[in-house]
Amino acid sequence: MGKRDNIYKTGFRSHTCGQLSKSDTDIEVSLCGWVHGYRNLGGLLFIDIRDRWGITQVVFDPNDVGDDCMEKARILRYEFSIRVTGKVRPRPEGMANKSNPTGDIEIAAQTVEILNKSVTPPFLVEDETTASDELRLKYRYLDLRRPFLKNKLEVRHKATIAVREYLNSRGFVEIETPLLMRSTPEGARDYIVPSREHKGKFYALPQSPQLFKQILMVSGFDRYFQLARCLRDEDLRADRQPEHTQIDMEMSYVTVDDIFEIVENMMSHLFKSVLGDDIAFPFERLSYREVMDRYGIDKPDLRFGLEIIDLGDVLATTEFRIFSETLKKCGVVRGIKYPGGAGLSRKQIDNLTEIVKEAGAKGLAYIARTEEGVRSSVAKNLSKAELNGIYETTGLEIGDILFIVADEWKTACDCLGILRKELGKSLRDEFKTKWAFLWVEDFPLFEYKKDTGRFDAMHNIVSSPFKKDSELLDSGFESELKPDDPNHPWARIRANQYDLVLNGVEIASGGIRIHDRAVQEKVLKVLGIDAQRAEKMFGFLLNALEYGAPPHGGIAPGFDRIVALMTDSDSLRDVIAFPKTTAAQSLMDGSPAEVDQNQLTELGIRIEGNEE
RNA sequence: GGGGUCGUAGUUCAGUUUGGUUAGAACGUCUGCCUGUCACGCAGAAGGCCGCGAGUUCGAGUCUCGUCGACCCCGCCA
């Protein structure tokens with residue numbers, strides 16, 4: 001067989017339903033697809049036939065075709081799978097349908113063949129569906145026929161191709177790591193798979209290929225990647241599924257700058273080849289501390305401003321107790337100026353206050369400058385000089401409003417971060433760029449957790465400490481300071497750890513890893529994992545590090561989230577072919593489900609309450 | 001684990017505030033008519049365990065409790 005001029009031609013069809021135009025006039029074609037619509041005018045009968053590529057109108061004219069063909073055409077209903085043969089012809093003058101790319105032609109039918117009937121579908125296959133999520137998930141195969149979802153999965157496909165193209169061009173090797181591995185109780189809850197050969201023992205499904213990719217570095221692959229499935233048995237959200245895909249990458253002999261350069265180029269290639277968008281790089285880089293101070297959140301949306309302004313200096317000597325007490329206790333008084341917001345209603349301000357309170361604030365102060373003067377919850381407690389100082393520091397003009405939060409640093413950050421996000425929603429039309437990438441780096445290695453009374457890894461237990469901070473690791477063991485003291489040595493250690501943020505969404509996380517067994521053991525010890533447990537859980541990694549493990553690092557961009565951003569999807573479900581509900585069920589195949597008793601017996605598993 | 005919203009024809013919803021004859025609409029389905037429609041049109045018909053289970057009441061779609069399911073959020077999770 002020679003080269004095909006039409007790659008879509010098969011034994012069933014000559015063309016797709018999105019392919020024909022006026023230049024094909026008079027050629028004999030055969031199309032296959034689903035009945036998208038039917039309009040029986042008594043004599044003439046129109047059928048819209050749909051496949052992955054488009055919709056084409058077919059006309060059955062009783063003057064042109066026999067009674068048996070008309071009879072067959074009359075029983076066609078939504079979603080019947082049919083094959084039509086006929087001749088392409090331009091539509092009569094003024095009859096073109098401009099909303100359809102094939103709308104200026106139609107097929108004058110000669111024959112129609114019903115390949116398969118359809119029962120009445122529970123919802124119509126059209127982009128503007130009113131069907132509920134539940135119904136759509138149960139009949140996912142019908143939902144996926146909608147161009148709305150089909151297009152997103154096609155974007156996803158293009159994105160995988162772009163990623164593979166780019167990484168291949170930079171010498172990466174794609175390697176599959178196991179789906180069945182040992183459970184590591186750190187981090188998220190594992191999905192567990194019972195072993196039949198070894199009753200009472202279990203595999204775990206990977207939360208990420210983290211340990212394997214590090215071992216691949218020890219194995220000398222130097223540049224590895226994988227579009228890796230990762231599974232977590234945790235509660236779900238609109239942006240969280242039990243299984244997700246990440247572009248898992250790891251490299252040897254690299255610095256943070258090397259990794260950033262590769263990821264920036266990869267993103268640029270990805271967005272250019274899939275969407276045609278030009279991405280400017282290098283991306284902006286901010287430290288964790290700075291990003292928190294300026295935006296109140298470690299994944300800020302930089303498409304708009306609304307930066308946090310510190311009012312500590314202006315209010316240093318204020319007699320207003322709420323502010324002065326906070327400052328005395330090493331807290332902060334900070335605000336966000338919302339230009340043009342002086343006209344916000346009492347109710348709108350109350351709503352914002354409610355949102356901020358949920359994040360832990362005790363209240364939300366505001367100062368609005370209007371033509372008439374000042375409308376404010378706190379101005380009466382402030383001196384003229386202080387008020388003027390605030391105007392000067394913040395550049396508060398008439399017509400603007402300033403929101404102020406006074407609290408300990410972290411709480412103030414959280415509250416203002418949420419407030420900023422909320423206010424930002426109204427600025428959609430004024431966004432500076434379509435895509436705002438940001439590197440956030442210099443994260444603390446550890447984070448003190450009040451509930452467990454212990455330090456926890458802020459990101460990842462394998463992230464390496466800054467070289468200049470590494471003696472803090474040792475001194476922490478002897479420190480007199482209480483662990484919740486922000487000056488505790490362990491709290492001061494910064495990590496070679498970075499996140500990539502896009503439009504306020506964390507799309508990647510990575511780090512330079514520990515390649516020295518002793519350091520790794522110390523970090524595990526801080527986390528409360530003694531040598532014995534470490535050996536049991538991570539012994540294979542610790543051992544591997546002893547054989548000349550190269551310095552290495554990597555990153556794992558979340559593929560679903562990136563595709564969701566590229567396709568402007570509210571829910572991750574829209575970019576996953578067969579997603580789970582928030583209760584981690586698949587409504588289509590009905591999983592999870594019971595298994596046969598003999599399967600359980602083979603595994604040596606008895607279900608509580610099922611005993612005979 | 002906690003909070004919120006929702007659950008009524010095949011579908012999307014109204015009806016629930018204030019319990020009271022035969023539970024409505026639209027789309028879809030079915031029947032008939034209709035030769036340029038593309039949300040075709042016109043006439044008619046069928047279609048309901050009001051999620052499920054208890055309770056209150058003379059009487060429950062409507063009130064109470066429980067339960068199941070979907071979605072959103074917190075906790076959890078990177």
Side-chain angles (χ1 to χ4, degrees), chain A residues 36-50 55-64 70 74-75 77-79 89 91-100 102-104 106 108 118-126 128-139 142 186-190 207-208 210 230-242 244 246 298-299 355 358-360 418 440 443 447 449 451 456-461 463 497-501 505-511 555-558 560-561 570-571 573 580-585 587 590:
Chain A
H36 182 73
Y38 51 94
R39 294 173 294 281
N40 185 347
L41 271 56
L44 282 180
L45 193 153
F46 296 92
I47 297 289
D48 296 326
I49 179 169
R50 163 176 31 82
I55 295 173
T56 299
Q57 174 167 283
V58 181
V59 192
F60 292 85
D61 188 332
N63 298 325
D64 298 343
M70 286 308 294
R74 269 193 278 272
I75 65 167
R77 291 295 178 272
Y78 288 112
E79 302 310 315
R89 72 181 184 206
R91 300 226 189 149
E93 197 61 33
M95 296 293 165
N97 182 345
K98 291 195 175 59
S99 60
N100 186 349
T102 65
D104 51 4
E106 62 191 6
S118 169
V119 296
T120 303
F123 55 87
L124 288 185
V125 176
E126 54 193 3
E128 296 291 322
T129 185
T130 53
S132 66
D133 288 336
E134 194 172 351
L135 201 69
R136 288 174 48 203
L137 287 171
K138 183 169 177 196
Y139 298 94
L142 294 180
E186 279 302 304
R189 191 180 296 118
D190 283 325
Q207 295 176 29
S208 91
Q210 181 62 39
C230 303
L231 299 103
R232 290 192 295 263
D233 187 4
E234 294 289 351
D235 287 357
L236 309 177
R237 290 284 189 282
D239 63 347
R240 221 191 286 159
Q241 280 277 312
H244 74 278
Q246 62 188 36
D298 61 0
K299 40 178 191 273
I355 289 167
E358 236 164 82
I418 281 172
V440 180
F443 281 92
E447 192 176 29
K449 292 263 169 154
D451 46 343
D456 204 353
M458 182 132 178
H459 273 84
N460 197 320
I461 57 167
S463 290
Q497 169 77 43
Y498 36 81
D499 282 355
L500 181 59
V501 176
V505 178
E506 182 200 309
I507 59 162
S509 190
I555 190 163
D560 309 270
R561 282 189 182 177
D570 294 327
S571 172
R573 282 188 283 271
K580 304 280 191 290
T581 67
T582 32
Q585 287 182 300
L587 299 179

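We name chains A, B, ... by the order of the sequence lines, and we start the count at 1 in each one.
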Does B:U12 have OP1 or OP2 sitting under 4.0 Å from an N or O in the side chain of A:S132?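 So the side chain of A:S132 is within the cut-off, an N or O lying under 4.0 Å from OP1 or OP2 of B:U12.
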Residue list, side-chain contact (heavy atoms from CB on, under 4.5 Å) with [X], at least two apart or on another chain:
| X | result |
| --- | --- |
| A:D239 | A:R237, A:R561 |
| A:S509 | A:H459, A:Q497, A:D499, A:E506 |
| A:E358 | none |

Counting only Watson-Crick or G-U wobble pairs whose two distances fall under 3.5 Å, which nucleotide matches B:A54?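 Pair assignment: B:A54 / B:U64.
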B:C71 pairs with, by Watson-Crick or G-U criteria that keep both distances under 3.5 Å: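 B:C71 is paired, partner B:G4.
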Under 4.0 Å, heavy atoms only, any strand: does [X] hit a base, just the sugar-phosphate, or nothing?
| X | value |
| --- | --- |
| A:N100 | nothing |
| A:N40 | base |
| A:R50 | nothing |
| A:F46 | base |
| A:P122 | sugar-phosphate |
| A:Q241 | nothing |

Hey, which sits more toward the 5' end of RNA chain B by its nearest nucleotide, A:D48 or A:L135?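 Its nearest nucleotide lies further toward 5', so the answer is A:L135.
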On RNA chain B, check which nucleotide each of A:A131 and A:P92 is closest to and give me the residue with the more 5' one.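 Its nearest nucleotide lies further toward 5', so the answer is A:A131.
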Polar pairs (N or O, both sides) under 3.5 Å between protein and nucleotides 27-29 of chain B?
unit_1 : atom_1 : unit_2 : atom_2 : d
B:U29  : OP1    : A:Y38  : OH     : 2.3
B:U29  : OP2    : A:Y38  : OH     : 3.4

Distances for protein N/O vs nucleotides 2-4 of chain B N/O pairs under 3.5 angstrom?
none

Looking at every heavy atom in both A:L236 and A:T581, which two are closest together, and how far apart are they?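 Nearest pair, atom of A:L236 first, then A:T581: CD1-O, 3.1 Å.
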What one-letter contact string describes nucleotides 70-78 of chain B from 5' to 3', where B marks a base within less than 4.0 Å of any protein heavy atom, S marks contact via sugar-phosphate atoms alone, and - marks no contact? SBSSBBBBB
